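So you know, we letter chains A, B, ... as the sequences are listed, proteins then strands, and number each from 1. On a predicted model such as this, the values are computed, not experimentally measured, just so you know.
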Amino acid sequence: MIAKRTPDPRLVFDPAGLGLSEAERSFYRRATAAVARDLIGAYLARRWRGRWYAARIVETEAYLGAGDAAAHSFRGRRTARVEPMYAEGGHLYVYFVYGMHTCANIVTARAGRPEAVLLRAAEGPPDAPRLLSGPGKLCAAFGITVADSGRDLVGGHRIALFRWRGRRPRLGVGPRIGVDYAGEAAAWPLRFFDLDSAAVSRRSSAP
DNA sequence: GACCAGATGTACT
DNA sequence: GTACATCTGGTCT
């Protein structure tokens, strides 16, 4: 199956034109939960055929590596699919799941520590507010595929991340979604979201 | 809110 | 070979 790589034209938008600066390596090398939190309000951007496509991130989840039963790298699992999680913070880890969906993660921490942040949702355009309201939808709209797994976002020319330095969004925190199999780790408060965004799937902060 | 089908790559036996 | 997945959209209550 070949996933579509063309971004949705409604996402045309240049974050650099807004004066937003690209996130540096040091941003990603911090604690994973802190990166997940600070990604709320940042802009995911993709350059495609000379144009920028971007959207504001409103929901993320942190995955803490070998000690986290919900993470693909639990117990140090290291296979071809998961390998990008072991890269230096600032890389992309993309995987295919449920036979039809693609999910994008941003690798955090230092090389060798397989931690990452799942991008769950971003703010869609006014005429399609639900376009990016889920990890699979977000990837589909940006045209991100498993071929992008392992790509470096820092100094990246195709996919990048721009930080928003204005007022901080009102933040919600709660347990991660879809990881009920992970035992006690399923209840860890590692999901972060913008309380004021309509693209967020579940707003309750309680488990 | 609860429940469910759908489609297939990945991990593991 | 087999089980299951960092999901989505639909139906029913």
Side-chain angles (χ1 to χ4, degrees), chain A residues 1-5 8 28 32-33 35-37 39-40 44 55 57-87 89 91-109 113-124 128-151 153 159 161 172-194 197-207:
Chain A
M1 180 205 128
I2 313 246
K4 195 175 152 211
R5 295 212 201 179
D8 190 298
Y28 303 104
T32 302
V35 176
R37 179 196 64 208
L39 279 173
I40 303 300
L44 174 67
I57 297 166
V58 296
E59 186 178 356
T60 62
E61 284 177 358
Y63 285 83
L64 305 187
D68 179 0
H72 288 171
S73 52
F74 181 45
R75 292 189 177 132
R77 181 163 65 188
R78 191 162 189 169
T79 62
R81 177 181 68 152
V82 190
E83 187 60 31
M85 283 189 80
Y86 288 81
H91 285 74
L92 208 54
Y93 165 47
V94 185
Y95 61 87
F96 186 68
V97 76
Y98 290 117
M100 59 188 97
H101 301 299
T102 302
C103 297
N105 298 252
I106 291 176
V107 177
T108 57
R113 293 194 54 152
E115 307 190 15
V117 175
L118 169 67
L119 301 180
R120 282 201 67 87
E123 195 94 345
R130 312 287 294 170
L131 181 69
L132 309 166
S133 62
K137 296 164 77 175
L138 187 152
C139 280
F142 269 92
I144 293 174
T145 73
V146 290
D148 294 306
S149 197
R151 202 182 279 293
L153 300 178
I159 301 179
L161 204 123
V173 181
R176 295 169 294 183
I177 292 173
V179 296
D180 295 343
Y181 58 85
E184 70 169 36
W188 294 350
L190 294 176
R191 173 170 167 260
F192 302 88
F193 52 95
D194 181 338
S197 173
V200 172
S201 42
R202 296 180 211 179
R203 307 176 150 221
S204 69
S205 298

Notebook entry, point to check: If you look at every strand shown and take non-hydrogen atoms under 4.0 Å, does A:Y63 touch a base, only sugar-phosphate, or nothing?
Noted result: base

Next item on the list: Just call it for A:R176: base, sugar-phosphate, or nothing, with non-hydrogen atoms closer than 4.0 Å on any strand.
Entry: nothing

Notebook entry, point to check: Does A:R77 make a side-chain N or O approach to OP1 or OP2 of B:dC12 shorter than 4.0 Å?
Noted result: yes

Notebook entry, point to check: Hey, does the side chain of A:R81 come within less than 4.0 Å of B:dA11's phosphate (OP1/OP2), counting only N and O?
Noted result: yes

Note to self: From the set B:dA11, B:dT8, B:dG6, return the single nucleotide nearest to any side-chain atom of A:H101.
What the structure shows: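 Of B:dA11, B:dT8, B:dG6, B:dG6 is nearest to the side chain of A:H101.
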
Item checked: A:V97 side chain, from C-beta outward: closest of C:dA5, C:dT8, B:dG9 ->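 Out of C:dA5, C:dT8, B:dG9, the nucleotide with an atom closest to A:V97's side chain is C:dA5.
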
Item checked: DNA chain C contacts made by residues 136-149 of chain A, counting heavy atoms under 4.0 Å ->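 Close to the strand are A:G136, A:K137.
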
Notebook entry, point to check: With nearest nucleotides of DNA chain B determined for A:Y98 and A:V82 from heavy-atom distances, which residue corresponds to the more 5′ nucleotide?
Noted result: A:Y98

Next item on the list: Verify the distance criterion only: is there a donor paired with an acceptor across the side chains of A:S197 and A:E59 at less than 3.5 Å?
Entry: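 Distance-only check fails for A:S197 and A:E59.
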
Check: Can we say A:E61 and A:R120 salt-bridge, meaning some charged N sits less than 4.0 Å from an Asp/Glu carboxylate O?
Finding: yes

Next item on the list: Report the C-alpha separation of A:Y86 and A:S73 in whole Å, then their side-chain angles, then the decisive distance to 0.1 Å, and conclude whether the side chain to side chain contact (heavy atoms under 4.5 Å, CB included) test is met.
Entry: CA-CA 9 Å; A:Y86 288 81; A:S73 52; 4.1 Å; yes

Notebook entry, point to check: Given pairs defined as Watson-Crick or G-U wobble with both distances under 3.5 Å, what dot-bracket annotation applies to DNA chain B, with ( ) intrastrand, [ ] crossing, | other strand and . unpaired?
Noted result: ||||||.|||||.

Item checked: Sequence-distant partners of A:R113, side-chain hydrogen bond (donor to acceptor under 3.5 Å, both in side chains), two or more places apart ->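 Applying side-chain hydrogen bond (donor to acceptor under 3.5 Å, both in side chains) to A:R113 gives A:E115.
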
